[in-house]
Structures are given as structure tokens and as C-alpha cells.
Amino acid sequence: MNDLLDALDDGSIKRPRPPLAVRMRPKTLDELVGQQHLLGPGSPLRQLAEHPETGLAGPASVILYGPPGIGKTTIAHVIARATDRKFVELSAITAGVKDVRRVIDQAKDDRDLRGMTTVLFLDEIHRFNKAQQDALLPGVENRVVVLVAATTENPSFSVISPLLSRSLLLTLRPLTDVDVAELLERAVDDERGFDAQVILPAEQRDAIVRLAQGDARRSLTVLEAAGAVAWNAAGTAAQPPIQIADEHVQLAMDQAVQRYDKDGDQHYDIISAFIKSIRGSDVDAALHYLARMLSAGEDPRFIARRLMISASEDIGMADPTALPLAVAAAQSVALTGMPEARIMLGHATVHLATAPKSNAAYNAINEALADVAAGKGALVPDHLRDAHYPGAKALGHGVGYIYSHDAPHSIASQQYLPDDLIGTDYYRPNANGTERSLSDRLARLREIIRRKDKKKR
């Protein structure tokens, strides 16, 4: 063992080189690409990272919220580099309450005996349950540790309220293509990266940017792999710089991995965009979001259920065929499964997106429910009450009821609504699709039905 350590120390045995994404990690906030909304002069993040003697005026701990690969871990390392700060990193995937308490106990000793502040970086805090998050509270509340917690899921749902109230929530935004391109060019030229030993043409750079989808770590990982492929292809006799070509990028990563968390924000954001695109009659956008969900492995039955809801909520009687078609698509999806289910879902999506729209039926039931919740709706009119049992007619039940099929056009003029709701219009069709002709018919129906109501009023 001692021989091995000596060999490591004198350089005769080389340690594995850290990944490119680790080597290129910014050391200061000024090196950080993107997140400019958090980096202004005097911002809480700058105070925490650059002025450890004063820290934040408010909470001394932060929760970093955003998608993978946009700088959450980097920001934690930058904060930790402030003078006299000790950095401890835990992952909520593998750590437990004992680990948290051990870090906090050690942080107390370091503070009291050495005057050292401990930065505890907790990755994926959303994976901690309530009891595990509760264990963090004493250390955070008493500022024994500066907690920097990272999460890809909305903290409002995944972090307990006491911890949220004691921390500053910073929302990181996805990196733009320009941001990722800047990172790649920096990695090619910087001595921590390729040190100009490779050439990355604009076309290949843009391909990596497209594949990375705003994820800095992924872009650097692909670049590192593509560079290795290029060097291997060039052979040992090749002289730098080596140019990265299309085939090198394709071998490094042949298709973009969709960012989609089936239990988190992306699940809700994309299905929301899908339904709103259908409602807005943008068939192309609707198909795009459908494709993203299917590519990411979303349950096609979930999509089919949302299509049935959309058919009633947003289309309704403007196209009465929309709901039966959505139901048929749902049944077909259940019977066939993927990949064939994509065809039925695409069919239904196109039909619903291009159909005329009306939320009149949706509004009608909501208004009726609101009236019932408000206590409106007196007794059922006597002539509409159940009269099949002995003695019912003696109570006046069913007396005077007109059987609709005995009236002209099968429309009887009689009261149907309770007395306190006479004249209420819940259903108000618009002028789109089938409802355009339905409006005239409905007006005539109400005129005939409510003749006696007008006399009663």
C-alpha cells in the first residue's frame, strides 16, 4: 500500500482524470453561464458567495430549483469556496437521518472550536421524506450549517413548509442554446478542457447544443465523448488539433434524450401545453406535445383520458362527435397498446384540435353546481314528483303533469325548474360549429316550455 501511495505522489502512476464537466465547473459566479437573473450586484446569491462575513440579510440557507444540468451543484461549490467554509455533500438518494445529524454535529464542533462555517449541499432534497427533512431544521434554524439544497421538483410540493420558510428559494432557468454554445467553446479552448487540442466546427457545435437540450453537463459529456472518438479515429500518429466531425458526434450520442419527469413538473407542464394547444386549435403544437409525451414513455391511457375531458370541456356541443371519438380512441389505446396506440391518439388529437370549440356545456354544469352549493333550488314542482306509489296523487304529486309526447312537437309548456330558479339560463351555446344552429332551436324550446312560467311570474 505504501509503495502505491509513493507512486501516486511521485507521479509514476496517473490518477484518473476527472470528467470534462467536473474540470470545467466554474470557480466563481462570474464564470457561471446563464442565471443572470440571480447574479446581479448585491443579489442574495452574490452576498452568500462573495461576502461570507455578512452573509444574507435574511435566511442563510437556499433551495435551488430547476431542471438538471443548469448549475445547481456548481453554485453550491462556489458558495462553499467562500473563505473558511467547509463543504459537505450529501445525496438524498443514499443519505439518511443519521448522516444529516452527523454532519450537523460535526458542523457545531467546527464552528465552536475552529470558527469554520459548514456548507451542506444536499442534492435531490425532494427524495427526503418529512421525517428526514425535519432532521435538517435545527441545523438550518440555528445557522449551524448553510444548507444549499437542490431539487428538480417544485419545492412547494416536495419540501416541507418549515424548511421552505427558513430558506431562500432560488429558481434557476433552463440554459439557452447561446449559453450552451458558449460552454462548449470555452471547454475546447480552456486548459482545463481540451486546451485547443481539438477543433469544434460550428455545425458540430450546434448539433451538440441541440442534443443537450439546455443541459450543460450533458453537452460537455457529449463533447468529451466526441473528442475521444475523433482522437481514436485519427490514430496515434495524428497531430493536434483534431477536428470533430458529424460521425464523431453521432457516435457520442445518436439522439436527444427527452427531459421529462413523469411524476414532476414536466409531466404537468407538457400535458398542460398539450390541452391548451388543442383548446387553441393549434394542431401542430398539439401533435408536438403528444410526440414528446409518447417519446418520454408517458402512459398513453393517461393521454387518452385527458382527450376525453378536453372533448367535453373545450368542444362540447360545437362538435358532438368529439367525445364519442375520444372515447373510441381511449378504448382503442387500451386494446392495442404502444406503439400502435400513437396512431389513435394522433387521430383523436387532430380531430379535437381542428374541431370548432365551445365551453358552453362545461360552463352550464359549473353554474348549476354553484347554484346548488349556494342553496338555490326550492322544492321540486308537484307535477314533476314521483306519483307511482299509493297516496301520491292525494299529495298532489304528478297532478297536472303533461306527457311531452302528447304535446305538439313533443314539447310541453310546463314548469320544470324549482320556483326560485324560474327563467334561469345555464346553457348558453355560442356561434361555433353545431351550436350555431342549436342556438335558434334552444331559443324556440325555451319560449314554448316557459309560457306558463311567464304567466306564473
Side-chain angles (χ1 to χ4, degrees), residues 35 37-40 42-49 51-52 54-80 82 85-108 111 117-174 259-272:
Q35 316 312 329
H37 63 295
L38 300 177
L39 301 176
S43 67
L45 189 55
R46 282 202 176 273
Q47 290 183 52
L48 189 60
H51 303 287
T54 58
L56 294 173
S61 294
V62 295
I63 296 175
L64 305 174
Y65 165 49
I70 60 172
K72 297 187 293 296
T73 305
T74 294
I75 289 174
H77 280 271
V78 170
I79 292 172
R85 288 189 174 178
K86 178 181 177 181
F87 184 75
V88 179
E89 184 172 358
L90 293 178
S91 172
I93 298 175
T94 56
V97 171
K98 288 183 179 179
D99 300 297
V100 171
R101 288 176 177 164
R102 175 178 51 78
V103 171
I104 292 175
D105 289 342
Q106 182 62 50
K108 287 180 183 177
R111 181 193 63 181
T117 300
T118 298
V119 175
L120 170 58
F121 176 59
L122 181 59
D123 199 14
E124 302 201 58
I125 190 175
H126 56 273
R127 294 182 181 271
F128 263 7
N129 59 33
K130 182 181 183 300
Q132 291 170 314
Q133 291 186 32
D134 281 338
L136 293 163
L137 288 175
V140 172
E141 187 166 24
N142 298 319
R143 299 197 179 185
V144 174
V145 296
V146 175
L147 174 67
V148 181
T151 177
T152 56
E153 297 190 5
N154 194 327
S156 299
F157 305 119
S158 59
V159 178
I160 59 174
S161 297
L163 197 54
L164 274 177
S165 67
R166 290 166 174 80
S167 306
L168 182 68
L169 176 61
L170 301 179
T171 301
L172 279 66
R173 296 172 182 167
R259 177 181 290 152
Y260 188 85
D261 49 340
K262 292 192 283 182
D263 297 317
D265 285 347
Q266 286 294 309
H267 167 81
Y268 295 106
D269 288 347
I270 293 183
I271 193 64
S272 174

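The first residue of the sequence shown is numbered 1, and numbering continues consecutively from there.
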**Report entry** Backbone N/O of A149 and side chain of K72: donor-acceptor pair under 3.5 Å
**Finding:** no

Query - A150 to D123 - nearest heavy-atom pair and separation - result: CB-OD1, 3.6 Å

Query raised in the report: What is the minimum heavy-atom distance between L90 and A95, and which atoms define it?
Result: CB-CB, 4.2 Å

Query - Check: E153 side chain, S158 main-chain N or O, donor-acceptor pair, under 3.5 Å - result: no

**Report entry** Beyond-backbone contact of L164 with P155, side-chain heavy atoms, under 4.5 angstrom
**Finding:** yes

Report task. Calculate, to the nearest 0.5 Å, the distance between atoms OG and CG belonging to S156 and L169 respectively. Result -> 7.0 Å

Requested in this report: Look at atom CZ of R173 and say whether more than 12 heavy atoms of other residues, nucleotides or ligands are closer to it than 6.0 Å.
Outcome: no

Query raised in the report: Less than 4.5 Å apart, any side-chain heavy atom of K108 and any of N142?
Result: no

Report task. Compare every heavy atom of Q133 with every heavy atom of I160, then report the nearest pair and how far apart it is. Result -> N-OE1, 2.8 Å

Requested in this report: State, with a plain yes or no, whether a side-chain heavy atom of L172 is found less than 4.5 Å away from one of I75.
Outcome: yes

**Report entry** I63 CD1 to R166 CZ distance, which is reported to the nearest 0.5 Å
**Finding:** 11.5 Å

Query raised in the report: Taking side chain as C-beta onward, heavy atoms only, is T118 less than 4.5 Å from Q106?
Result: no

Report task. Can you measure from CD1 (I270) to OG (S272) and round to the nearest 0.5 angstrom? Result -> 10.5 Å

Query raised in the report: Do I125 and L136 have side chains that get closer than 4.5 Å, going by heavy atoms?
Result: yes

Report summary line: One should read off an interatomic distance between T151 OG1 and R127 CZ, to the nearest 0.5 angstrom, of 9.5 Å

**Report entry** Passing candidate, side chain to side chain contact (heavy atoms under 4.5 Å, CB included) with F128, options V159, D134, V100
**Finding:** V100

Query - From CG (L163) to OG (S167), nearest 0.5 Å - result: 4.5 Å

Report task. Step by step, work out the salt bridge (Lys or Arg N to Asp or Glu O under 4.0 Å) result for D105 and R101. Result -> CA-CA 6 Å; D105 289 342; R101 288 176 177 164; over 6 Å; no

Query raised in the report: Atom CG in L64, atom CG in L168: separation rounded to 0.5 Å?
Result: 9.0 Å

Query raised in the report: Minimum heavy-atom separation for A135 to V97, with atom names?
Result: CB-CG1, 3.9 Å

Report task. Please examine the side chains of I70 and Q35, heavy atoms only from C-beta on, and report whether any two atoms are closer than 4.5 Å. Result -> yes

Query raised in the report: Any side-chain heavy atom of V145 within less than 4.5 Å of one from V88?
Result: no

Requested in this report: Give the ring-plane orientation class for F121 versus H77, where under 30° counts as parallel, over 60° as perpendicular and anything between as tilted.
Outcome: tilted

